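Data first, discussion second: the structure below is written as structure tokens.
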Amino acid sequence: MDERTYEQARVAKVLAIIQEKLNGLTESKGQVTKGIVDLRKNFWEDVTVNLDEADDVYETQASIKQQAELLSERERRHGQMTRQVKLLYRLGDSPYFGRIDFQEDGESTHEAIYIGIGSLMDARNENFLIYDWRAPIASMYYDFAPGRAFYQALDGQVSGTIRLKRQFIIRQGQINGMFDTGLTIGDALLQKLLGGKATSQMKSIVATIQREQNQIIRNESDRFLIVQGAAGSGKTSAALQRVAFLLYRNRKTLHSENMLLFSPNPLFSSFISSVLPELGEENVVQATFKDFIEERIGRDLQLENPFDQTEALLTLRDPESYRMRSEGILFKASPAYIRLIDNWLEQLKGEGMIFRNIVFRDQVIVSSREIERRFYARFQEQPIRYRLEEVRDWLLRRVAVFAKKERRKDWVLEEGELLDQADYAEVYEKLQQKKQFSEETFDDYDREEEMLRRIVMNRRIKPLRRRIKQLDFVNTQKIYSEIFYRAQTHERVPQSWRSICQNTRMRFEEGDCPWEDAVPYLYLKEKIKGRKENDTIRHLIIDEAQDYSPVQLVYLRTAFPKSSMTILGDHNQTVYAQSFGQDTMLTETLYPAESVRKLVLLRSYRSTKEIMDFARCLVPEGEQIEPFDRSGKLPELIHVSKDQRLDCLLAKISELKAEGYETIALVGKTMAECRDIYRQLDSRIDVKLMTQATYQFDKGLIVIPTYLAKGIEFDVAIIIDASLANYRHEQERTIFYTACTRAMHRLIMLTNGAATPFLSDIPGERYMRTTVGED
């Protein structure tokens, strides 16, 4: 029997066992389901309820607890069966993707170890037919070529020799491909899998994990793991497999709700949403950093989002306005600005705190000036937070005295007469209780009126008490804006600092918080009022970290003090202004040296060799990026006159669709540019516009700005306007590079007039140039 026949016969045998287990589980699951339904239906019939005596009450409680525990145990068992059934269904299509023959030192024979997305035992549950890819023994498949190898078991290192390393492509129970290979997952397998069309959702990469990606996935020793990865290097995929690995390794102590993934936008969250369920794990908590910050700022301010900030900057045409906004954004993202805030906080210990009046029904109970005098008159050696707590308690006492006097006023009784029937019933019940337990006699009417007054007053004053307890009498919004007039700074501020100060203060007075001020404002607010630490999240995954500033890192480390982090990004794909030309969260020197590790992924798998050979010339040190050897057409630059651009675009789209490309993206620098081309195309062709509110996309023709396309891939990327007029600032180079590297198979660029100067760095033989009409 030849090798392929043997392997196909084994697949058939495994599938038969899978089907047998599925049949048994399905039957057992049905019985458990019926048991749960019966338990719920007859819950109270099976409980002995007797509340006459103390002993009877105890017996009733014990009976309820026993029945609840029985129901809970059945539900847990049902959940386990459901997960097992889902795994077996997934294994039924493609039971495994790899095999290594491993001979442990001291043994005379080798063991054939088959590796898949989940473990499977034989019919007697004695031996493994398939090992989960996350099992320690499976790590050798990713880390070693045939020859000497080892893995870390629970009781120490196991060494031996790999005699064979084999890869499979199995679909619907049939072996479509089988390759014997060396160290890395073979190019034949990758060629087959990567040469397909783009999909609307990211897929699991467990069958093609490379050795360098495996280091990311299985790292358990470093609190901060930084991954600098070239475009298309699989860093996000590796991070998601890492999540699945950590959940598998720590399944008794770590759950999906203990992990938080910050994704760049809702569209990207949708794109990656199927990976973990594919691996049999629940999706972790997902959020955008903007949503996280906005929830913490609350209703204090209207928060600008990073997309609008980027849009505003990229569409500025006045050079002075552009310089002022970009300088302000960069400075406020730097450690120097945090030091300025810290200096201001020191000043506030002696003067400068701003408070709000304590007001009830347009009456000032305590004025802001009175609060300020109290704050600075007492405990001057104590921290600001301690002094505020003393002021808080003093204010609550003042409000209590006020409320006692205020409830005698006519308006209180008038509102009491408007209370609903339930409130009157509450008053009556309390009066009856007082009569039952009091020996004195009293007038029911007077007592009823008094209770009604108390109910009305308590309800009306409760929101004020709550705000005082939350220290809302501190006007942090005003205190922050005063930085730009009164704070002493020893830092080197931008040339436009005076204009930046005036603009920021004006926006804060209007209740508007620029994105560059969001985290610094929260930093100051929580230094004054106290911080809400999150102890639930134990692992934080931050994607597109090149767009997070040092200031944001400082804040995240304080917000999640017990969390480890996986930090992923590419400094060549910066699209937010706060990160242009300065340190970002990918800079390892921002972390404690003993707890950080940085890994670099240089090989790019997404795009054809021709596209990556073109794109890597755009960025510094781009020659280090290693394109995967998958050939395609050269990128194409089309010079087209403005009045013929639309017809040229429609013709090119028709041509691409005829060639079988299913996902074509028209990529713009800004949303304004995207809306313009969308309006022109909408009446001529089926096209969709991707906006901040878009949560998912399907195959077809889409229009999307670069900052929303981060992390997503398309069969074809068409850059709408690659002209000098559109891409002229040096800091826009990374935006252009990001747009180019969205393409898997074809990259096309349109320009009216001179092309962006970024192309002058690219050898002429790396792209085609054509002209349509008079340019």
Side-chain angles (χ1 to χ4, degrees), residues 3 6-7 10 94-120 127-170 177-194 204-222 225 227 229 233-235 237-239 241-242 244-246 248-249 279 597-603 605 626 628-629:
E3 287 290 306
Y6 167 80
E7 294 289 11
R10 187 183 189 277
S94 179
Y96 43 83
F97 51 79
R99 167 186 170 180
I100 53 174
D101 289 0
F102 181 65
Q103 184 172 340
E104 188 177 335
D105 289 346
E107 298 291 333
S108 59
T109 59
H110 68 263
E111 178 186 1
I113 297 160
Y114 287 82
I115 299 162
I117 62 168
S119 296
L120 180 72
N127 300 302
F128 279 99
L129 295 174
I130 307 171
Y131 285 88
D132 191 297
W133 67 276
R134 296 166 290 188
I137 197 170
S139 65
M140 294 188 293
Y141 174 73
Y142 301 109
D143 287 342
F144 294 101
R148 295 295 296 170
F150 63 86
Y151 68 95
Q152 295 294 335
L154 292 176
D155 53 355
Q157 182 173 293
V158 178
S159 300
T161 302
I162 295 177
R163 301 293 181 191
L164 173 75
K165 185 173 180 179
R166 179 169 290 167
Q167 298 154 37
F168 303 95
I169 300 176
I170 302 173
M178 189 175 92
F179 317 96
D180 288 353
T181 188
L183 172 59
T184 58
I185 307 305
D187 282 358
L189 178 62
L190 278 170
Q191 286 278 12
K192 191 172 181 68
L193 295 178
L194 297 176
S204 160
I205 62 164
V206 292
T208 58
I209 292 169
Q210 304 295 288
R211 187 179 189 182
E212 64 272 20
Q213 293 169 331
N214 199 41
Q215 292 178 11
I216 298 166
I217 293 166
R218 294 177 188 264
N219 180 287
E220 297 181 82
S221 58
D222 301 295
L225 180 64
V227 180
S233 59
K235 52 189 177 292
S237 296
Q241 322 300 310
R242 172 170 170 73
F245 173 79
L246 292 174
Y248 173 84
R249 289 280 286 182
L279 297 171
R597 185 179 184 196
K598 185 169 185 177
L599 298 174
V600 179
L601 300 179
L602 292 173
R603 200 176 194 204
Y605 300 95
E626 303 170 15
F628 181 68
D629 192 15

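Because the structure is a prediction, the values reported are computed rather than measured. For the numbers below, each heavy atom of this structure counts, side chains included, while hydrogens, waters and symmetry mates do not.
- When every heavy atom of D132 is checked against every heavy atom of A138, the shortest pair comes out as O-CB, 3.6 Å.
- Of the possible donor and acceptor atoms, none in the side chain of S233 sits under 3.5 Å from a partner among the backbone N and O of L602.
- Stacking of R10 on the aromatic ring of Y114 is recorded, both the 6.0 Å distance cut-off and the 45° axial limit being met.
- Rounded to the nearest 0.5 Å, atoms CD1 (I100) and OG (S139) are 8.0 Å apart.
- Between the CZ atom of F102 and the OG1 atom of T161 there is a distance of 7.0 Å, given to the nearest 0.5 Å.
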Pair E212-R603, salt bridge (Lys or Arg N to Asp or Glu O under 4.0 Å): steps then yes or no: CA-CA 10 Å; E212 64 272 20; R603 200 176 194 204; over 6 Å; no
Checking Y151 against V158 for the side chain to side chain contact (heavy atoms under 4.5 Å, CB included) test, could you report, in this order, the C-alpha distance in whole Å, the side-chain angles of both residues, the deciding distance, and whether it holds? CA-CA 5 Å; Y151 68 95; V158 178; 3.6 Å; yes
From CA spacing to verdict: side chain to side chain contact (heavy atoms under 4.5 Å, CB included), F128, I137: CA-CA 12 Å; F128 279 99; I137 197 170; over 6 Å; no
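- In this structure, the separation between CD on E220 and CZ on R249 is 4.5 Å, given to the nearest 0.5 Å.
- When side chains are defined from C-beta on, L601 does not count as touching Q215, because their heavy atoms never get closer than 4.5 Å.
- With hydrogens and angles disregarded, a donor-acceptor distance shorter than 3.5 Å links the side chain of R211 to the backbone of D143.
- Here the shortest heavy-atom pairing between R134 and A244 reads NH1-O, 2.9 Å.
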Could you walk me through whether Y131 and Y96 pass the ring pair (Phe, Tyr, Trp, His ring centres under 6.0 Å) check? CA-CA 9 Å; Y131 285 88; Y96 43 83; over 10 Å; no
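- Closest heavy-atom contact between F97 and I117: CE2-N, 4.1 Å.
- With values rounded to the nearest 0.5 angstrom, K598 atom NZ is found 14.0 Å from D222 atom CG.
- Without hydrogens or angle criteria, Q241 side chain to N214 main chain gives no donor-acceptor distance under 3.5 Å.
- Between the CD atom in Q103 and the CG atom in L164 there is a gap of 13.0 Å [rounded to 0.5 Å].
- A donor-acceptor pair under 3.5 Å links the side-chain atoms of R242 to the main chain of N219, judged by distance alone.
- Across P95 and I130, no two heavy atoms sit closer than the pair O-CD1, 3.3 Å.
- Here the shortest heavy-atom pairing between P146 and K165 reads CG-CB, 4.1 Å.
- Rounding to the nearest 0.5 angstrom, the gap separating the CZ atom in R99 from the CD1 atom in I115 is 11.0 Å.
- Across all their heavy atoms, R166 and Y141 have their closest contact at O-CE1, 3.8 Å.
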